[in-house]
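Below is one structure; the comments refer to it alone.
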Amino acid sequence: MKAEHYVGGVFRSDGPAFPLIAPADGSELGTVPEGTREAVDDAVTAARAAMKGPWGTASAEERAAALRRVADGVQARFEEFVAAEVADTGRSRAFAETVDVPRAVGNFRAYADLLYGRPERAYTTRVPGWSAGTGEALNYTVRRPLGVVAIISPWNLPLLLSTWKIAPALAAGNTVVVKPSEETPSTATLLARVIDDAGLPDGVFNLVHGHGAGAAGEFLTGHPGVDAIAFTGESATGAAIMRNAADHVTPVSFELGGKNPALVFADADLDAAVDGTVRSSFTHSGQICLCTERVYVERPVFEEFAARLGERARALDGYGPMISAEHRDKVMSYYRLAGEEGATVVAGGGAPAFGDARDGGFHVEPTVLTGLPETARTVKEEIFGPVCHVAPFDTEDEALELANDSPYGLASTVWTRDLSRAHRVAPRVETGIVWVNCWNLRDLRTPFGGVKASGIGREGGEYSLDFFSEPVNVCIQI
Ligand SMILES: NC(=O)c1ccc[n+]([C@@H]2O[C@H](COP(=O)([O-])OP(=O)(O)OC[C@H]3O[C@@H](n4cnc5c(N)ncnc54)[C@H](O)[C@@H]3O)[C@@H](O)[C@H]2O)c1
Ligand SMILES: N/C(=C\C=C\C=O)C(=O)O
């Protein structure tokens, strides 16, 4: 897979090339062009020009039809997208086939459907005495696209998360410059080919590869020609982007880090809670922002739950690697830190020795810890690997206090059979998303996003279309 930029409808590879490494076995997959400041400037210029072209005056139906052509194009190259995502991330084919690529198709289709026949919001007003003028007025609100949107996406769900922003940004009538993670450039390049074949006007979709700080990512977010930034990544990166964009007062939509809690009450279906927490802690080896890293269990079932979770973690096989040697080393440093902070290791805590090619990759063991104080760094800091810490609680209020004592607030799970408790507790968990007796069940129309250091704004359905457009009130004196 050859990663290429795509600027103004032209594929190009200018810029020093850097190697693309396979997380599964450490082999070199190919090279990636490092986007220069000039390439970024060319992309923003092409995107601005496209806003002045046919795309800038396209109807909602025409934009919806374009999104459907892209969805069909991804579907038609399904296997290529699966192979590219598996190669770049080291994840299982099953995950790419059932999550990554279907969600990319779904993202484009969801926003095409949302656009169709979308009513503009209108109000009629009897002008009250305190307004200038008299008589009646008709007020209606139209939505105008923001213009050129910078989209920066992470390596953990490369295609899913980039299209989660690309689709609504285009649906709302914007043009985009996308900078995917330097770790996972392949599906973004494939998407450019699909969009090129789908006949979107040149400059509507632009792709520039490269690193972030001091490189393509930073050139893009500090570019004066960018009208909005939609970013997904670490909270610290979000802060850096905010600083870089501050001089231009660029609006931002941020999906950032997390340290997601699970609350398991004694009345829960324990089989379901264990199964659900195995999924929420170890899916994609914990490299999903929604993954659980803190589990709080009501004391009567704490010992049983921790033992069963540890047993399941030990039994996991076929799990994927960390995205890079650097990230593997980061996760392993937290495994060591947990020991230094006094953790009891119920399962895992090290790196596996498979005795095959995987030993050249970046695997770590699925890990379950107990016994740490809430002040431990292992309990407070995002690790972003297959690891969770399990601790007991005695009352509902204590459970909420433990769950909410975090600088993050992205997602949480609550396991209980008590309907009243579910409705009482869920709204009090300080996260943007609360799943009850489930995890990562997604309706793309719902608000998705985090509070505190986990993000700014919400994406999903109308929430995305609202961020990617400006409401304009038109008031006509009758
Ligand atoms: N909330 C969510 O929906 C969500 C989803 C996925 C991942 N994440 C978070 O993302 C992180 C893992 O992803 P990551 O390691 O790729 O994150 P990261 O912040 O290191 O990088 C994300 C993207 O930002 C770019 N970037 C880095 N520094 C930049 C800068 N100074 N200016 C502009 N761009 C810059 C990178 O090149 C990459 O494309 C975790 O913290 C995870 O929680 C959050
Ligand atoms: N944004 C979404 C998932 C984010 C996962 C984070 O790693 C989604 O499901 O829409």
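Counting convention: from 1, in listed order, for ligands and their atoms alike.
Rounded to the nearest 0.5 angstrom, L207 CG and E4 CD are separated by 9.5 Å. Rounding to the nearest 0.5 Å gives a distance of 12.5 Å between CG of D405 and NZ of K259. Taking CG from N244 and CZ from F219, the interatomic distance works out to 10.5 Å, rounded to the nearest 0.5 Å. Note: T413 OG1 to L290 CG = 11.0 Å, rounded to the nearest 0.5 Å. Rounding to the nearest 0.5 angstrom, the gap separating the CZ atom in F362 from the OG atom in S285 is 13.5 Å. In this structure, CG on N174 lies 12.5 Å from CD1 on I166, to the nearest 0.5 angstrom.
Using a cut-off of 4.0 Å between Lys/Arg side-chain N and Asp/Glu carboxylate O, R377 and E341 are scored as not salt-bridged. A salt bridge links D113 with R68: at least one charged nitrogen is closer than 4.0 Å to a carboxylate oxygen. The residues R93 and E79 are annotated as salt-bridged, a charged nitrogen and a carboxylate oxygen being separated by less than 4.0 angstrom. Between D197 and R69, no side-chain nitrogen of the basic residue sits less than 4.0 Å from a carboxylate oxygen of the acidic one, so the salt-bridge criterion is not met. A salt bridge links D227 to R48: at least one charged side-chain nitrogen sits closer than 4.0 Å to a carboxylate oxygen.
The single protein non-hydrogen atom nearest to atom 43 (O) of ligand 1 is E382 OE2, 2.6 Å, given as residue, atom name and distance. For atom 25 (C) of ligand 1, the closest non-hydrogen atom on the protein side is I152 CG2, 3.7 Å. Protein heavy atom closest to atom 17 (O) of ligand 1, with residue, atom name and distance, is E234 N, 3.5 Å. Of the protein's non-hydrogen atoms, the one nearest atom 13 (O) of ligand 1 is P154 CB, 3.4 Å. Given atom 35 (C) of ligand 1, the protein heavy atom at minimum distance is G212 CA, 3.4 Å. Looking only at heavy atoms of the protein, atom 44 (C) of ligand 1 is closest to L256 O, 3.1 Å. Among protein heavy atoms, atom 12 (C) of ligand 1 sits closest to F384 CE2, 3.7 Å. Remark: minimum distance from atom 27 (C) of ligand 1 to any protein heavy atom is reached at T237 CG2, 3.5 Å.
If you number the atoms of ligand 1 from 1 as listed, the ones under 4.0 Å from a heavy atom of L410 come out as 1 (N). Taking every non-hydrogen atom of E255 and a distance limit under 4.0 Å, the qualifying atoms of ligand 1 come out as 1 (N), 2 (C), 3 (O), 4 (C), 44 (C). Taking every non-hydrogen atom of L161 and a distance limit under 4.0 Å, the qualifying atoms of ligand 1 come out as 5 (C), 6 (C). Interface atoms of ligand 1 facing W155, defined by a heavy-atom separation under 4.0 Å, are 13 (O), 14 (P), 15 (O), 16 (O). Listed by atom number, the atoms of ligand 1 under 4.0 Å from E182 heavy atoms are 36 (C), 37 (O). Per-residue contacts place N156 under 4.0 angstrom from the following atoms of ligand 1 (heavy atoms of the residue considered): 6 (C), 7 (C). Set against the non-hydrogen atoms of P180, the atoms of ligand 1 under 4.0 Å away are 39 (O). Counting the atoms of ligand 1 from 1 in the order shown, those under 4.0 Å from a heavy atom of F231 are 19 (O), 22 (C), 23 (C), 24 (O).
Contacts with ligand 1 closer than 4.0 Å are made by heavy atoms of both the backbone and the side chain of T232. Residue L157 does not touch ligand 1, judged by heavy-atom distances below 4.0 Å. Neither the backbone nor the side chain of E183 comes within contact range of ligand 1; no heavy atom lies under 4.0 Å.
Using cut-offs of 30° and 60° on the angle between ring planes, the pair Y6 and F205 is tilted.
Among A236, G257, G233, the residue whose heavy atom lies nearest to atom 10 (O) of ligand 1 is G233. Heavy-atom proximity to atom 3 (O) of ligand 1, evaluated over G455, A188, C289, G210, is greatest for C289. Between the choices G217, S153, A213, the shortest heavy-atom distance to atom 34 (N) of ligand 1 belongs to G217. When the options H211, E218, K179 are ranked by their closest heavy atom to atom 37 (O) of ligand 1, first place goes to K179.
Protein heavy atoms all stay at least 4.0 Å away from atom 21 (O) of ligand 1.
Proximity of F254 to ligand 1 is not established, as no heavy-atom distance is less than 4.0 Å.
The ring pair (Phe, Tyr, Trp, His ring centres under 6.0 Å) test with F231 is passed by exactly one of F254, F467, W164: F254.
For the pair H223 (side chain) and G225 (backbone), a donor-acceptor distance under 3.5 Å is present. Side-chain atoms of E234 do not come within 3.5 Å of backbone N or O of G257 as any donor-acceptor pair.
The cationic atom of R279 (NZ for Lys, CZ for Arg) does not lie both less than 6.0 Å from the six-membered ring centre of W435 and within 45° of the ring axis. For the pair R193 and F11, the distance from NZ or CZ to the six-membered ring centre is under 6.0 Å and the angle to the ring normal is within 45 degrees.
Residues R143 and L465 form no side-chain contact, since every pair of their non-hydrogen atoms from C-beta on lies 4.5 Å or further apart.
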Would you tabulate the side-chain donor-acceptor contacts of residues 148-162 under 3.5 Å, counting partners in other chains and residues two or more places apart, or write 'none'?
from : atom 1 : to   : atom 2 : distance (Å)
N156 : ND2    : Q287 : O      : 3.0
S162 : OG     : P158 : O      : 2.9
S162 : OG     : L159 : O      : 3.2

Check ligand 2 for N or O atoms under 3.5 Å from a protein N or O and list each pair with its distance.
from     : atom 1 : to   : atom 2 : distance (Å)
ligand 2 : 7 (O)  : N156 : ND2    : 2.6
ligand 2 : 7 (O)  : C289 : N      : 2.7
ligand 2 : 9 (O)  : R103 : NH1    : 2.8
ligand 2 : 9 (O)  : R442 : NE     : 2.8
ligand 2 : 10 (O) : R103 : NH1    : 3.4
ligand 2 : 10 (O) : R103 : NH2    : 2.8
ligand 2 : 10 (O) : R442 : NE     : 3.4
ligand 2 : 10 (O) : R442 : NH2    : 2.8

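Checked against a 3.5 angstrom limit, the closest N/O atoms of I241 and ligand 1 fall outside it.
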